[in-house]
Amino acid sequence: MKKVIILFTVLMTSMLAFAQQKEQARFHVTYAIYNGEDITEWAIKSKLFTVFYTVNEELYMANYSETNETQSWGVIWELKNESTIVFTNSCYSMLCKQ
């Protein structure tokens, strides 16, 4: 059983390594609070960032620490993009005057 798990892990890792990753956006941590405690200094020193990327047209998100060489990642499922524009009377009248 252990051999099957190891083989599966090696195959999955190989498949991900050959998949085309395309970075979409990267956000560096500039302010961090954990359980009410300000950990910004630690976060900046750890060079923490969140990155969004695609693999075979699937969207992933990962959290990285360059200093500690750690990461967590996963696929983002059922992402919905919704936009709502609310017009007030003053906003609507400004648009109409243009």
Side-chain angles (χ1 to χ4, degrees):
M1 184 65 170
K2 287 182 182 179
K3 290 180 183 179
V4 172
I5 293 172
I6 292 171
L7 179 61
F8 179 74
T9 304
V10 170
L11 287 173
M12 291 304 295
T13 304
S14 299
M15 288 171 54
L16 286 175
F18 290 111
Q20 296 259 334
Q21 289 186 5
K22 184 176 180 186
E23 186 173 312
Q24 302 297 321
R26 181 181 293 211
F27 300 93
H28 292 270
V29 175
T30 58
Y31 179 72
I33 297 289
Y34 181 74
N35 286 338
E37 182 181 343
D38 187 346
I39 59 167
T40 303
E41 187 177 333
W42 171 82
I44 292 172
K45 284 181 182 176
S46 297
K47 298 181 181 178
L48 298 180
F49 64 91
T50 298
V51 63
F52 292 89
Y53 61 97
T54 54
V55 175
N56 299 330
E57 299 185 24
E58 279 191 304
L59 184 62
Y60 286 75
M61 184 187 102
N63 294 307
Y64 286 96
S65 171
E66 289 182 1
T67 304
N68 301 329
E69 296 182 0
T70 59
Q71 65 177 339
S72 62
W73 57 273
V75 176
I76 299 176
W77 285 294
E78 297 191 35
L79 183 66
K80 294 180 182 178
N81 183 9
E82 295 180 14
S83 298
T84 305
I85 299 174
V86 178
F87 290 104
T88 62
N89 287 338
S90 59
C91 177
Y92 184 74
S93 63
M94 287 185 340
L95 288 172
C96 290
K97 290 179 183 177
Q98 293 180 356

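In this text, all values refer to a predicted model and were calculated from it rather than measured experimentally.
- The nearest pair of heavy atoms linking Glu23 to Tyr53 is CA-CB, 3.8 Å.
- Taking every heavy atom of both residues into account, Asp38 and Ala32 meet most closely at OD1-O, 3.2 Å.
- A donor-acceptor contact shorter than 3.5 Å is absent between the side chain of Ser46 and the backbone of Thr67.
- Every residue two or more places apart in sequence or in another chain that forms a side chain to side chain contact (heavy atoms under 4.5 Å, CB included) with Ile44 is listed here: Thr40.
- Remark: Thr50 engages Asn63 in a side chain to side chain donor-acceptor pair (under 3.5 Å) (not counting sequence neighbours).
- A pairwise comparison of heavy atoms in Tyr60 and Val55 identifies CE1-CB, 3.7 Å as the closest pair.
- Side-chain contact of Gln24 with Thr54: a donor-acceptor pair under 3.5 Å is present, judged by distance alone.
- Within 6.0 Å of CD in Glu69 there are 12 or fewer heavy atoms belonging to other residues, nucleotides or ligands.
- Side-chain contact check for Val51 versus Tyr64: some heavy-atom pair is nearer than 4.5 Å.
- Residue pairs satisfying the ring pair (Phe, Tyr, Trp, His ring centres under 6.0 Å) criterion with at least one member in residues 22-45, sequence neighbours excluded, are listed as follows: His28-Phe49.
- Annotation: the span from Gln21 atom CD to Asn56 atom CG amounts to 10.0 Å, rounded to 0.5 Å.
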